[in-house]
Amino acid sequence: MVTAYEFRHLSEEEKYERFMERIERGEKIEAHDWMPDDYRTNLIKLIAMHGISEIMGAFPEKEWVPKAPTLHRKLAIMAKVQDEVGHGQLLLRVAEDLMKPLGKDREDIMQDLFEKRLKFHNVFHMPAPTWADAAIIAWLVDGAAILTQTMLLKTSYGPYGRALKRICQEESFHAKHGESLVLALASGSDYQRKMLQEALNRWWEPLLMFFGPRSAKEVGHSKVDVNIKYKIRSKTNEELRQEFLTKYVPQIKRLGLTIPDETLRFDEDKQQWIYKDPDWEKFKQIINGNGPKTDSRLKLRRDSYEKTAWVREALAKYNKNRMLVG
Amino acid sequence: MEEKFYKEFEVFSRRRSDLPMEHRFSILAPNLEMAYILAKENFFRRESIHDLWVVERSNIRRMSEEEREGFKRIDNKHYRETKGYADLPKQWRKLEEMLSSEG
Amino acid sequence: MTDNKILRELIYQLADDNFIHSYRGSEWLGLVPHIEEDVAYSSITQDTMGHAYMFYKLLEEMGEGNSDELAHARKPKDFRNAILLEEKNGTGTYLDNPDYDWAFTVVRNLFYNVYKETQLESLKQSSYEPLSITARKIETEQYYHLMHWKTWFMQLMQSTEEARTRMENAIRRVWKDFGGVISQGRYADEFSARKYIEPEEVLGQRCLDKLGELCKSVDFNLEGKPGMEKGNGRNGEHTEDLKQALETLSEVYFSDAEASSW
């Protein structure tokens, strides 16, 4: 513990030591607190990616919002996709406050996205050609996201934790929504069941990829270790993937679906799931901006952002006390 | 006012009349009116809302990390808390004993 | 015509207006000028779909059939929404090369919602009680919708030259078919004779007065009567835009004849 007078005169090394003590004690770091540069840059990278993934996550489901087959489903999927955009809003605000000292704001985030400097989750680069894909996304992609986000709830960065608390509350509705969609299809006609199985086949590999590689070995680099040191996160990618398999493999089987991996089994001795590794080379390609739907979805985002630039320009200049025209 | 679309606003709300205002989160908006209508649906899609405030962040004087340390107190102010008066029952008894022995 | 048939005509107008209006809103998802607005607009779109649902439920209770069937399985000629509300947001589709016009959306949404407010006020006095109860419920959400679009309208009208020009063009475009919104169609006289709703001229004028005031406050004069250039949707006249909208809305609904539930 230091007093305010001591705090003022701390050297950079002493500040770092004090920061690490705070982390060790489980204290939460706030936006304007002193933090080491790599803590800030790792947070920005992680949270901006998380936030923009939520924003880009609206696109695979966007097609199915008006097309949802009943009025009730139309309402529910609209609410679900809206929440995703809302989560993106919360997370981007957290990232933007971290970027502010670097002179960056939302505009930079959007430009980084368009130029593929800012990456987003592999699953949102994938096509969702049928209604059953919307169901699998809501059930399993959101299910995977819930595991990751729950793990992050205890993060050392206060604002991120507060955003996640709100997000996790809403995700519990998404999980029910997804479960309801897959249940309806799984207990439906041959056509509906076939559509669901095909969607699962499409999404299985992207879902395993979603948690990221086991170690730096698979893709050449990884921030997981640093993030664990700073208590930004508490579990490894593989631990989360194992949790996902434990939670969902039995449920998928209960639905009468076949998991497209013949090697998948639970090894009692090792107490872990053995599965066919996804193609990590493909994963790298996808998150670097070369997925099947990357360009068309980025185009949608970029075109609409550019075509509505006049609106942002107009409101930047609007002042209720001063008529600019007329 | 600065000519900028992305301005930061802090959002506060009260869920029920008997609850205090609570900070919800922040949003980006070009001006106060727009911030207000956007705040409503960004944070109160599900929960009820009894009062809503939006404040432009530049109007807020915020505590610094140094001040957080500087505003701490020494733990010697029991005299201003109820726990500093834990001996009152004892004193009552003492008084009663005194009065009864006098009587 | 029977009373019941007349009443159903009116409720179809209400249900279909809200249904199609909500659809056009849902197409904007992910494409609006600002992320925070995407969330806010989506709430309005959901509310509006919820309103459509309530009106379809009234029809269901009157024996018209299942509400999902009413929304998804009728032919375009059976729809009673105003043509202005079915018009596309712009060129392209919501998935492919959308070139959507925010000014047109703001003006259309504001003008329609001013009419809707007027309409709900009148429906609260409807002689058909289920309708008056529904109108009262919907009115609770209408306040925010109107506030939202008014804020956008007032600010864009008083900002840059470019925005002003775009907004004025949008007003002129909306005006060309706004007559179809305030029209009550060929059974208008029967509606008011049975006190389901006030007469078309009375409601129409009340709405136009409100719009005139709003525009005047930002120095714009609404000139002449609103038109009905593309036809009267209340009488089943529609454009290609409605046909396409309904094909999208019912694509999954019709994809499997065997499916008993979704």
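Per chain, numbering begins at 1; letters A, B, ... match sequence-line order. Bear in mind the structure is a predicted one, so any value in this text is a computation, not a measurement.
- Both the backbone and the side chain of A:K62 come within less than 4.5 Å of a heavy atom in chain C.
- For a residue to count as touching a neighbouring chain, one of its non-hydrogen atoms must lie under 4.5 Å from one of that chain's; by this rule C:E251 touches chain A with the side chain only.
- C:E27 touches chain A through its backbone: at least one of N, CA, C or O sits under 4.5 Å from a heavy atom, while the side chain does not.
- Each of A:A58, A:A79, A:G188, A:A68 has some count of heavy-atom pairs under 4.5 Å with chain C, and the biggest count is that of A:A79.
- Heavy-atom distances place no part of C:A52 under 4.5 Å from chain A, backbone and side chain included.
- Of the atoms belonging to A:R93, it is side-chain heavy atoms, and not backbone ones, that fall under 4.5 Å from chain C.
- Between C:R164 and C:E161 there is no salt bridge, since none of the side-chain N atoms of the basic residue sits less than 4.0 Å from a carboxylate O of the acidic one.
- Side-chain rings of C:W152 and C:W102 approach one another, their centers coming within less than 6.0 Å.
- A donor atom on one side chain and an acceptor atom on the other are found under 3.5 Å apart for C:N109 and C:Y41.
- Taking the six-membered ring where tryptophan is involved, the planes of A:H125 and A:F120 are essentially parallel, since the angle between them stays under 30° and well short of 60°.
- Ring to ring, A:F210 and A:H121 are close: their centroids are under 6.0 angstrom apart.
- For the set C:F19, C:Y94, C:Y53, the entry with the most heavy-atom pairs within less than 4.5 Å of chain A is C:Y94.
- Contact of C:Y100 with chain A is not made at all, since no heavy-atom distance falls under 4.5 Å.
- Heavy atoms of A:V85 lying under 4.5 Å from chain C belong to its backbone as well as its side chain.
- Residue contact with chain C, scored on non-hydrogen atoms closer than 4.5 Å, is absent for A:A309.
- At a 4.5 Å heavy-atom cutoff, A:M56 makes no contact with chain C through either its backbone or its side chain.
- Within the 4.5 Å cutoff, no side-chain heavy atoms of C:F79 are placed close to those of C:E86.
- In terms of heavy atoms, A:L75 sits closest to C:G50 at CD2-N, 3.8 Å.
- No side-chain heavy atom of A:K100 sits under 4.5 Å from any side-chain heavy atom of A:D105.
- Salt bridge C:R173/C:E87: present, at least one basic N to carboxylate O contact under 4.0 Å.
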(message) Pair A:Y305, A:R302 - check side chain to side chain contact (heavy atoms under 4.5 Å, CB included), show working.
(response) CA-CA 5 Å; A:Y305 193 73; A:R302 184 179 49 236; 5.6 Å; no
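- The contact between A:K67 and chain C is made by backbone and side chain atoms together, counting heavy-atom distances below 4.5 Å.
- Chosen from A:R312, A:M195, A:Q192, the residue pairing most often with chain C at heavy-atom distances under 4.5 Å is A:Q192.
- Most heavy-atom pairs under 4.5 Å with chain A, from the set C:E258, C:R166, C:E69: that is C:R166.
- At a 4.5 Å heavy-atom cutoff, the contact between C:A71 and chain A is made by side-chain atoms alone.
- Note on ring orientation: taking the six-membered ring where Trp is involved, the planes of C:H145 and C:H51 are parallel (angle under 30°, cut-offs 30° and 60°).
- Both the backbone and the side chain of C:S67 come within less than 4.5 Å of a heavy atom of chain A.
- When each of A:H177, A:Q149, A:E179, A:E84 is paired with A:D142, the side-chain contact (heavy atoms from CB on, under 4.5 Å) condition holds for A:E84 and for no other.
- Contacts between A:L71 and chain C at a heavy-atom distance below 4.5 Å involve backbone atoms as well as side-chain atoms.
- For A:L92, the part lying under 4.5 angstrom from a heavy atom of chain C is the side chain only.
- The choice from A:A184, A:P66, A:S304 that makes the most heavy-atom pairs within less than 4.5 Å of chain C is A:P66.
- In this structure, the portion of C:Y23 lying under 4.5 Å from any heavy atom of chain A is its side chain and not its backbone.
- Of the two parts of A:R297, neither the backbone nor the side chain holds a non-hydrogen atom closer than 4.5 Å to a non-hydrogen atom of chain C.
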